[in-house]
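Heads up: the structure comes next, in structure tokens.
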Number of protein chains: 2
Amino acid sequence: MCGTGHSREDGVRIGELASRTGVSVRSLRYYEEQGLLASTRSASGQRHYTAGEIDRVALIQRLYAAGLSSRTIAELLPCVHSPSEENSDAAMERMAQERDRLSAHIADLIRTRDTLDELMVINRAHRESLQMAHSH
Amino acid sequence: MCGTGHSREDGVRIGELASRTGVSVRSLRYYEEQGLLASTRSASGQRHYTAGEIDRVALIQRLYAAGLSSRTIAELLPCVHSPSEENSDAAMERMAQERDRLSAHIADLIRTRDTLDELMVINRAHRESLQMAHSH
DNA sequence: CTAGAACCTCACATCCATGTCAGAGGCAAC
DNA sequence: GTTGCCTCTGACATGGATGTGAGGTTCTAG
């Protein structure tokens with residue numbers, strides 16, 4: 001009577017997760033292959049995801065964008081979702097390490113942006129001087 | 001009497017430039033192939049670089065690190081070194097565009113760093129609570 | 001002159017997240 | 001049933017900066 005068929009909390013399929021997160025189906029399967037993302041399988045083998053996986057995918061994307069490799073992300077994620085002594089131990093260190101690397105990278109990018117700004121200022125100056133010379 | 005042989009300003013060879021900039025010889029040749037770097041050739045075909053090229057290589061590296069492609073860098077560099085009306089015209093726009101992209105990327109990275117910080121805080125909290133429970 | 005280091009070109013290899021395609025099966029609607 | 005869309009696995013392709021090696025020339029030190 002009310003449509004979609006699965007009324008219980010058995011989660012969404014991969015296409016749905018893809019469109020919700022903006023990540024391609026291909027990439028979601030890849031994440032699973034790399035151990036970044038878990039899925040429960042239906043009897044016929046189709047992947048099902050819970051609402052929590054949406055946030056997880058978002059986090060994965062952010063970490064990718066920050067330059068972490070899938071291997072590194074795989075090291076950090078378990079620490080995120082089940083903070084026990086075991087994984088915390090080494091993962092915390094890597095986490096701090098990646099944080100520092102990221103921080104350094106940000107500083108570097110800011111310096112590069114400043115350089116670009118300077119170049120643009122210089123160029124504008126040249127431009128104006130040319131225009132002046134033109135309309136002497 | 002004073003060593004190196006070439007007393008005039010005929011510049012350094014590629015190995016020297018590589019060690020001065022920390023960029024591999026392979027990459028320097030690649031930069032030239034992409035039109036990012038100029039070199040004068042000796043009679044026998046060996047590349048010679050002037051002191052200015054050192055800075056240029058450094059800038060190229062910075063732009064690469066900022067996520068620009070060699071094609072984009074190639075568009076910007078002429079504008080940097082010879083700011084005439086022609087190249088300024090389109091290149092300035094691209095420059096502003098890349099600057100904005102970079103700015104957005106920086107903001108994104110900062111948010112990701114904050115996320116990492118939060119995760120570390122949470123983890124530390126879990127850790128301490130575990131330790132407390134352990135030494136009840 | 002000669003040995004070794006540096007250089008040349010050309011070309012193929014690597015990494016890694018994604019894209020893309022093929023062939024097969026699952027699921028809902030008509 | 002059949003049509004159409006979604007999903008599955010597996011495999012090959014892509015792009016871009018860089019590594020690496022072969023085969024040959026050039027430079028420099030002894």
Side-chain angles (χ1 to χ4, degrees), chain A residues 1-8 10-49 53 56-75 77, chain B residues 1-8 10-49 53 57-75 77 98:
Chain A
M1 61 189 309
C2 63
T4 61
H6 43 189
S7 58
R8 274 198 303 155
D10 52 356
V12 302
R13 287 188 296 173
I14 197 170
E16 181 76 7
L17 182 60
S19 64
R20 275 195 201 288
T21 59
V23 174
S24 76
V25 168
R26 173 66 172 94
S27 294
L28 292 177
R29 294 202 190 104
Y30 177 73
Y31 296 168
E32 178 169 334
E33 183 187 320
Q34 299 299 306
L36 310 183
L37 192 57
S39 70
T40 62
R41 298 300 188 100
S42 75
S44 62
Q46 299 203 339
R47 293 172 177 84
H48 286 252
Y49 301 93
E53 310 303 328
R56 178 174 260 239
V57 170
L59 177 58
I60 291 172
Q61 285 272 291
R62 297 175 65 73
L63 294 179
Y64 269 130
L68 306 219
S69 73
S70 60
R71 231 178 76 81
T72 306
I73 299 178
E75 283 189 74
L77 283 188
Chain B
M1 58 194 314
C2 64
T4 61
H6 42 188
S7 57
R8 274 197 302 153
D10 52 356
V12 301
R13 286 190 296 171
I14 197 169
E16 181 76 6
L17 182 60
S19 64
R20 275 194 201 288
T21 59
V23 174
S24 75
V25 168
R26 173 68 172 90
S27 295
L28 292 178
R29 295 201 190 105
Y30 177 73
Y31 296 168
E32 178 169 332
E33 183 187 320
Q34 299 300 306
L36 310 183
L37 192 59
S39 70
T40 62
R41 299 299 190 101
S42 75
S44 62
Q46 299 205 340
R47 294 170 176 82
H48 284 253
Y49 301 93
E53 309 303 328
V57 170
L59 177 58
I60 291 171
Q61 285 272 291
R62 299 176 63 73
L63 294 179
Y64 269 129
L68 306 220
S69 72
S70 61
R71 233 177 74 80
T72 306
I73 299 178
E75 284 187 74
L77 282 188
E98 288 300 327

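All chains are named by letter (A, B, ...) in the order of the sequence lines, taking the proteins before the strands, and each is independently numbered beginning at 1.
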Using OP1 and OP2 only, check whether a side-chain N or O of [X] sits under 4.0 Å from [N].
{"X": "S44(B)", "N": "dC27(D)", "result": "yes"}
{"X": "S24(A)", "N": "dT18(C)", "result": "no"}
{"X": "S27(B)", "N": "dT18(D)", "result": "yes"}
{"X": "Y30(B)", "N": "dG16(D)", "result": "no"}

For R71(A), look at atom CZ and say whether over 12 heavy atoms of other residues, nucleotides or ligands are found less than 6.0 Å away.
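Counting neighbours around CZ of R71(A), 12 or fewer heavy atoms of other residues, nucleotides or ligands fall under 6.0 Å, so no.
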
Would you say that more than 12 heavy atoms from the other residues, nucleotides or ligands in this model lie under 6.0 Å from the CZ of R62(A), or not?
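Yes, because the 6.0 Å sphere around CZ of R62(A) holds more than 12 heavy atoms from other groups.
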
Just how far, in rounded Å, is [atom2] of [N] from [atom1] of [X]?
{"X": "R20(B)", "N": "dA6(C)", "atom1": "CZ", "atom2": "P", "value": "15 Å"}
{"X": "I73(B)", "N": "dA17(D)", "atom1": "CD1", "atom2": "C1'", "value": "11 Å"}
{"X": "L17(B)", "N": "dC7(C)", "atom1": "CG", "atom2": "P", "value": "10 Å"}
{"X": "Y49(B)", "N": "dA6(C)", "atom1": "OH", "atom2": "C1'", "value": "13 Å"}
{"X": "E33(B)", "N": "dA11(C)", "atom1": "CD", "atom2": "P", "value": "12 Å"}
{"X": "R41(A)", "N": "dT7(D)", "atom1": "CZ", "atom2": "P", "value": "12 Å"}
{"X": "I60(A)", "N": "dA17(C)", "atom1": "CD1", "atom2": "P", "value": "12 Å"}
{"X": "E32(A)", "N": "dT9(D)", "atom1": "CD", "atom2": "P", "value": "8 Å"}

Take I60(B) and L77(B), measure what side-chain contact (heavy atoms from CB on, under 4.5 Å) needs, and give me the verdict at the end.
CA-CA 9 Å; I60(B) 291 171; L77(B) 282 188; 3.8 Å; yes

Find which nucleotide of DNA chain C each of V25(A) and S42(A) is nearest to by heavy atoms, and output the residue with the more 5' nucleotide.
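Its nucleotide being nearer the 5' end, the pick is V25(A).
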
[X] has a side chain; which of [options] sits nearest to it?
{"X": "Q46(A)", "options": "dG25(C), dC27(D), dG19(C)", "value": "dG25(C)"}
{"X": "I14(B)", "options": "dG19(D), dT7(D), dC8(C)", "value": "dC8(C)"}
{"X": "R29(A)", "options": "dA17(D), dG19(D), dT7(D)", "value": "dT7(D)"}
{"X": "R26(A)", "options": "dT20(C), dC27(D), dT18(D)", "value": "dT20(C)"}
{"X": "R13(A)", "options": "dC7(C), dC16(C), dT7(D)", "value": "dT7(D)"}

Heavy-atom nearest nucleotide on DNA chain D for A43(B) versus Y64(B): which residue maps closer to 5'?
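So the residue in question is Y64(B).
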
Taking any heavy-atom pair under 4.0 Å as a contact, classify [X]: base, sugar-phosphate, or nothing.
{"X": "Q61(A)", "value": "sugar-phosphate"}
{"X": "R71(B)", "value": "nothing"}
{"X": "S70(B)", "value": "sugar-phosphate"}
{"X": "R47(A)", "value": "sugar-phosphate"}

Residues R29(B), I14(B); criterion side-chain contact (heavy atoms from CB on, under 4.5 Å); working and verdict
CA-CA 9 Å; R29(B) 295 201 190 105; I14(B) 197 169; 3.6 Å; yes

Ignoring hydrogens and geometry beyond distance, is a side-chain donor-acceptor pair present between E53(B) and Y31(B) at under 3.5 Å?
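Side-chain D/A pair, E53(B) to Y31(B): absent.
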
Going through the checks in order, is the side-chain contact (heavy atoms from CB on, under 4.5 Å) test met by R13(B) and R47(B)?
CA-CA 6 Å; R13(B) 286 190 296 171; R47(B) 294 170 176 82; over 6 Å; no

